[in-house]
Amino acid sequence: MIFACAIVPVLALYVALLYFVLIRRFFRVKKKLPVSGLKNGLGRVAGKKKRLAGLGGLFFVVCFAGRVCARVWAPDMLMVFKYEEAARGQNPNATRFNESGILSESILEEVVRRGGLRVSAEKLAALLTLSTPLDAEKLDVTQESDLKISTEYRVRCSAWVSLYQTKPKTVLNLLADVYWEDFVHNYAENDGVLDLSFDELENMEYLDVKDYLQMQAYKLKNYLPVYSSESSSFRAAESGETFSSLSQKISNFIEIELERYEAFVLENGLSVNKDTYQSRMQYANRLLDTSRLKNMAAHDVRIEAINMYNAFMTRFVLIPTYDTNKEFYMSKTKVGVDYFADEAKEHLEAATKLVEEMEHNTYASAQIGTLWPSADAYTQADMRIGELKAELLNLASQCRELCSAYVKEKRDGYIQVCFTPPAIADEALKALLLTMLFAAAEGGLILLEPFYREYRKSHTKKQGKVPESGKGNSEEAAL
C-alpha cells in the first residue's frame with residue numbers, strides 16, 4: 001500500500017520533469033520559432049489529440065486511484081469535543097483547553113509504548129498533523145465578537161509511517177485511546193472521592209467509628225450537588241434514582257442509622273480502651289473550653305462596644321430606592337452597631353455549640369467509665385459496623401452509577417472520534433488539475449518536437465564540421 005501512496009508524488013515529479021524539459025527546449029529553439037511554423041505545430045497537436053487524450057485519461061485514472069488509495073490507507077481522524085464547556089475553550093473541570101495536548105510528547109510516548117511501535121516519539125510527531133476547520137479562516141483577533149473557538153480537530157498520520165512497519169490507522173486509533181484516557185483522568189469529573197476505604201477503622205474507638213463513617217458519608221453527599229445543579233431531574237435508567245433522592249438516602253444514613261449506632265454504643269458504654277478514651281475526652285474538653293472562652297470574650301467586647309454607642313447614632317436609616325420590579329420602597333441601611341450585633345450573635349452561637357460538644361464528651365466519658373458491657377454487646381456493635389460499611393459502600397456504588405450515567409448521556413462521552421472517508425469530488429478535482437498540467441506539458445512538447453529535431457540536426461552538423469586548416473594539420477599528423 002505504501003507504493004500506492006507514492007503514485008501521486010511520482011506523477012507530480014514526472015510532470016515537473018516534463019515542464020523542465022519543455023522550458024529547456026523552448027529556450028533552445030525560441031529564436032527559430034516562425035509564426036507559420038507554430039500554426040503547423042498546432043495542427044500537428046490537433047492531429048495527435050487522440051493520443052494526447054488517451055495519455056491524459058490514463059494519467060487521470062492513475063492519479064485519481066492513487067489519491068483515493070492514499071486517503072483510504074491514511075484517513076483523517078476527526079475528534080469532536082461534545083461537552084458544554086468545549087464551546088468556551090474549557091475542559092470539563094473549567095480549566096483552559098489546550099489543543100497542543102493532543103500531540104504532546106507524553107501522549108506520543110505512551111502511543112509508542114502501548115503499540116510497540118518501531119519509531120521514536122519525536123519522529124512520530126513529524127508524521128502527525130493537527131488542524132481545525134477554522135484554520136482557513138482569517139480571524140480578526142482585535143474584536144472579541146469575531147473570535148471563534150473550534151470544538152473539532154482533524155488529525156492526520158502520514159502514509160510514510162508504514163516505513164516503520166505500522167499502519168496510519170493503527171497509530172490514530174492508539175492516539176485516540178491514549179488521549180481520551182489522559183483527558184478523562186486529568187480534566188474530566190474526578191469521581192475518586194467515591195472510592196471509600198475503611199482501613200483506618202481497625203482498632204478504632206466505637207464512638208470514633210461513628211464520626212469516621214459520617215465523614216465518609218458527607219464525601220458522597222457533597223459530591224452530588226454539582227450534578228444536581230446541572231440537571232436535577234436526571235434519573236438513572238436501571239435504579240430510577242435521581243440526585244436528590246440519592247442525597248436524601250445519604251442524609252437518612254447520617255441522621256438515622258449512625259445516630260442509632262451511637263445511641264447503642266453510649267447506652268452500653270462500649271470502648272476499646274476506657275482509660276485512654278477518658279483521658280482523650282478530658283484533653284478535648286480542655287481545648288474546647290479554651291475556644292469557648294475566646295468566643296465569649298469576643299462576644300463581650302462587641303456588647304461593650306454597642307453600649308458605648310449614642311442612642312441617636314443607633315437609629316436605623318431609611319433610604320428611598322427601587323427593587324428589581326421598579327417598585328419604590330424604603331430600604332433600611334445598617335450602621336456600625338448592627339455589624340457589632342451580628343458578630344456578637346455569631347460568637348455566642350459558636351460558644352453554645354462548643355458547650356454542647358463538651359457536654360456530649362463528658363456524658364460519653366461517664367458512660368464508658370461506669371458501665372461494663374458484655375461480650376454480646378461488643379459482638380452486636382461489630383456486626384452493626386459491618387452493616388454500616390456495607391450500606392455506605394452500596395450508596396457509593398449508586399452514586400458512581402448515577403454520575404456515570406449522567407456523564408455518558410449529558411457529556412456524550414466527552415470526545416467522539418471518527419475516520420472521515422475520502423471526498424471523491426475533491427480528489428477527482430485535484431487529480432484533474434494535475435492531469436491538465438500533464439496535458440499542457442505533453443502538448444507543448446508535441447508542438448516543439450519538429451523545431452527541436454531541426455535544432456538537434458543543425459547542432460550535430462556544427463559539431464561534425466572540421467575547418468580546412470584543421471584538416472591539413474590532421475593529414476600531416478597522420479603522415
Side-chain angles (χ1 to χ4, degrees), residues 1-17 59-81 91 97-136 150-188 413-424 426-431 433-434:
M1 188 58 71
I2 186 64
F3 297 105
C5 296
I7 290 177
V8 175
V10 170
L11 291 179
L13 183 62
Y14 176 68
V15 171
L17 181 62
F59 186 94
F60 173 80
V61 171
V62 174
C63 182
F64 176 71
R67 296 195 66 89
V68 172
C69 289
R71 286 299 183 182
V72 172
W73 175 251
D76 291 347
M77 182 177 71
L78 185 64
M79 303 179 68
V80 183
F81 292 79
N91 296 309
F97 174 76
N98 189 356
E99 64 183 59
S100 62
I102 299 176
L103 300 181
S104 64
E105 183 178 358
S106 60
I107 296 294
L108 296 183
E109 287 178 351
E110 178 62 19
V111 169
V112 172
R113 186 198 66 79
R114 186 175 299 186
L117 306 182
R118 299 181 180 180
V119 58
S120 64
E122 183 178 358
K123 292 181 179 179
L124 184 60
L127 296 171
L128 292 168
T129 56
L130 180 69
S131 61
T132 71
L134 300 180
D135 289 344
S150 178
T151 58
E152 298 182 0
Y153 295 88
R154 193 177 299 275
V155 186
R156 190 171 190 276
C157 181
S158 173
W160 298 109
V161 76
S162 302
L163 297 176
Y164 299 97
Q165 299 181 6
T166 187
K167 299 178 181 178
K169 198 168 184 178
T170 301
V171 174
L172 294 178
N173 281 323
L174 288 170
L175 177 65
D177 293 339
V178 171
Y179 180 73
W180 185 86
E181 293 175 5
D182 181 82
F183 183 85
V184 171
H185 176 72
N186 293 316
Y187 305 114
Y414 297 110
I415 305 174
Q416 284 188 349
V417 178
C418 62
F419 290 94
T420 58
I424 301 300
D426 292 343
E427 301 302 331
L429 179 60
K430 293 176 181 178
L433 291 176
L434 189 60

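Heavy-atom basis, side chains included; hydrogens, waters and symmetry copies ignored.
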Undergrad: Is there a donor-acceptor pair under 3.5 Å between the side chain of N186 and the backbone N or O of D182?
TA: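 Indeed, once roles are kept as given, a pair shorter than 3.5 Å links the two residues.
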Undergrad: Taking CZ in F59 as the centre, count heavy atoms belonging to other residues, nucleotides or ligands within less than 6.0 Å. Is the count above 12?
TA: yes
Undergrad: Quick one: CZ on F81 to CD on E152, what's the gap to the nearest 0.5 Å?
TA: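 The CZ atom of F81 sits 10.5 Å away from the CD atom of E152.
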Undergrad: Between V119 and T166, is any pair of side-chain heavy atoms under 4.5 Å apart?
TA: no
Undergrad: Can you tell me how the ring of F97 sits relative to the ring of Y153, calling it parallel under 30°, perpendicular over 60° and tilted otherwise?
TA: tilted
Undergrad: How many angstroms lie between atom CD of E110 and atom CG of D177, to the nearest 0.5 angstrom?
TA: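 Going from CD on E110 over to CG on D177, the span is 10.5 Å.
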Undergrad: Looking at every non-hydrogen atom in both residues, tell me the closest pair between L434 and C63 and how far apart they are.
TA: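 Nearest heavy atoms, L434 then C63: CD2-SG, 3.7 Å.
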Undergrad: Determine the minimum heavy-atom distance between P168 and S158, stating which atoms define it.
TA: CG-O, 4.0 Å
Undergrad: For E181, look at atom CD and say whether over 12 heavy atoms of other residues, nucleotides or ligands are found less than 6.0 Å away.
TA: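 Yes.
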Undergrad: Quick one: closest heavy-atom pair of T132 and S150, and the distance?
TA: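 Nearest heavy atoms, T132 then S150: CB-OG, 3.6 Å.
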Undergrad: Side chain to side chain contact (heavy atoms under 4.5 Å, CB included) between L172 and L128: does it pass, once the steps are laid out?
TA: CA-CA 9 Å; L172 294 178; L128 292 168; 4.1 Å; yes
Undergrad: State the CG-CG distance between L108 and L127, to the nearest 0.5 angstrom.
TA: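 Nearest 0.5 Å value for the CG-CG distance: 10.5 Å.
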Undergrad: Cation-pi check for F419 against K169: NZ or CZ below 6.0 Å from the six-membered ring centre and within 45 degrees of the axis, yes or no?
TA: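 Checked: cation-pi criterion met.
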Undergrad: Distance check, rounded to the nearest 0.5 Å: M77 atom CE versus L130 atom CG?
TA: 9.0 Å
Undergrad: Just wondering, more than 12 heavy atoms not from R114 lying within 6.0 Å of its CZ?
TA: yes
Undergrad: Quick one: does V184's side chain get under 4.5 Å of Y414's, heavy atoms only?
TA: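 With C-beta onward as the side chain, the pair touches.
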Undergrad: Quick check for you: to the nearest 0.5 Å, what is the distance between L124 atom CG and L103 atom CG?
TA: 8.5 Å
Undergrad: Please round to the nearest 0.5 Å and tell me the distance separating atom CD1 of I102 and atom OH of Y179.
TA: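 One finds 4.5 Å between CD1 of I102 and OH of Y179.
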Undergrad: Check I415 against M79 and note the closest heavy-atom contact, atom names and distance.
TA: CG2-CE, 4.2 Å
